[in-house]
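The figures that follow rest on heavy atoms only: side chains count, while hydrogens, waters and symmetry mates do not. Only a predicted model underlies this, so the values are computations on that prediction, with no experimental measurement involved.
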Amino acid sequence: VLVLKKTLYRFVEPDKVIEMYKQHIFDLDAMKSEMNELKYSVFKKPSIEFYYGSTGFKQAWKKIVETKSKEYRHINYPLFFQEFLKQKEIFTFIINYKRKHGVSSKQLITDSAVSRDIQKRDKTELRSTRFLPKGVNIDFMEVITDDSVFFISHKDKNFIFEVRDVDFAHTRRTLFEATFSLLPAQE
């Protein structure tokens, strides 16, 4: 069975066509507020990423020093950091990248002879150091960028996790700055 469909055309007054289109525009305009609600309900969700071993350490530090703001903050225990930096190329990469791209850092560091030696290199390594009060122990190194916070474990645990969330990073940065400003500058 073959069914043929015919299309019929008829003349419609131009005023009726214009009214019909005006109604569609009115319907779209009424939907605008609903569409705006949907637009604002979609946002980037916080996430956590893990890095493991020496390769993960390099990947995380590459992200840290490539920060858009050209500044990051970190809280650390220098002997712990040196566990990772026995691999000279990591340290060289971090310092060379900072110098080449004008990335600076601020650090809160436990006070020790090693810390004092590190602090002496602040100007050449584009860094500003303040010493934490005696007796303050750091079990995880923390590095804060504009949109992420990295927590770095001791070498024996050998992992890093990054919390990607602008608000969390802002809160950690604010607390860092409050602490940094309360501690005396050392020369």
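- No side-chain heavy atom of Lys58 sits under 4.5 Å from any side-chain heavy atom of Phe93.
- Note that CG of Asp167 and CG of Asp147 are 11.5 Å apart. Values are rounded to the nearest 0.5 Å.
- The same ILVMFWY cluster, assembled from side-chain heavy atoms under 4.5 Å apart, contains both Phe176 and Val136.
- In this structure, the ring-ring contact (aromatic ring centres under 6.0 Å, His included) partners of His101, at least two apart in sequence or on a different chain, are Tyr97.
- Put simply, the side chain of Leu183 reaches to within 4.5 Å of the side chain of Pro133, judged on heavy atoms.
- Between Phe140 and Phe151, the ring-plane angle classifies as perpendicular under the 30° and 60° cut-offs.
- In this structure, CD1 in Ile75 is found 12.5 Å from NZ in Lys106, a value given to the nearest 0.5 Å.
- Summarising the geometry of Thr110 relative to Phe131, their closest heavy-atom pair is O-CD2, 4.2 Å, with the distance given to 0.1 Å.
- The two residues Ser105 and His74 make their nearest non-hydrogen contact at OG-NE2, 3.9 Å.
- For residues 95-105, no residue pair satisfies the salt bridge (Lys or Arg N to Asp or Glu O under 4.0 Å) rule, not counting sequence neighbours.
- By the rule that hydrophobic residues join a cluster once side-chain heavy atoms approach within less than 4.5 Å of another member, Phe161 and Phe168 end up as members of one cluster.
- Between Asn137 and Tyr77, the closest side-chain pair of non-hydrogen atoms is not below 4.5 Å.
- Leu108 and Leu175 fall into different hydrophobic clusters, where Ile, Leu, Val, Met, Phe, Trp and Tyr residues are linked whenever their side-chain heavy atoms come under 4.5 Å apart, directly or through other members.
- Taking the side chain as every heavy atom from C-beta outward, Phe150 and Thr145 approach each other to under 4.5 Å.
- Residues Ser148 and Glu162 share a closest heavy-atom pair of OG-OE2, 2.7 Å.
- Between Asp146 and Arg173 there is a side-chain heavy-atom pair separated by less than 4.5 Å.
- Shown here are the side-chain hydrogen bond (donor to acceptor under 3.5 Å, both in side chains) partners of Ser112, two or more places apart in sequence or in another chain: Ser115.
- Between the OG1 atom in Thr67 and the CD1 atom in Ile144 there is a gap of 11.5 Å [rounded to 0.5 Å].
- Scanning all heavy atoms of the two residues, the minimum distance from Gln119 to Thr129 falls at CG-CB, 3.7 Å.
- Checked against salt bridge (charged side-chain N to carboxylate O under 4.0 Å, His left out), Glu142 has the following partners two or more places apart in sequence or in another chain: Arg172.
- Minimum heavy-atom separation, Asp122 to Gln107: OD1-NE2, 4.4 Å.
- Rounding to the nearest 0.5 angstrom, the gap separating the CD1 atom in Ile152 from the CG atom in Asn76 is 8.5 Å.
- Under the rule for a side-chain hydrogen bond (donor to acceptor under 3.5 Å, both in side chains), the partners of Arg116 that lie at least two apart in sequence or sit in another chain are Asp111, Gln186.
- Note on Ile109 and Leu182: separate hydrophobic clusters, where clusters join Ile, Leu, Val, Met, Phe, Trp and Tyr whose side-chain heavy atoms are under 4.5 Å apart, directly or indirectly.
- Residues Leu132 and Ile138 form a side-chain contact, since some pair of their non-hydrogen atoms from C-beta on lies under 4.5 Å apart.
- Of all non-hydrogen atoms in Ser128 and Phe180, the two that sit nearest each other are OG-CZ, 3.4 Å.
- Clustering ILVMFWY residues whenever any of their side-chain heavy atoms sit less than 4.5 angstrom apart, transitively, puts Val163 in a cluster other than the one holding Val166.
- Here the two rings, on Tyr72 and Trp61, have centers that are under 6.0 Å apart.
- In this view, Lys62 and Glu66 satisfy the side-chain hydrogen bond (donor to acceptor under 3.5 Å, both in side chains) rule, not counting sequence neighbours.
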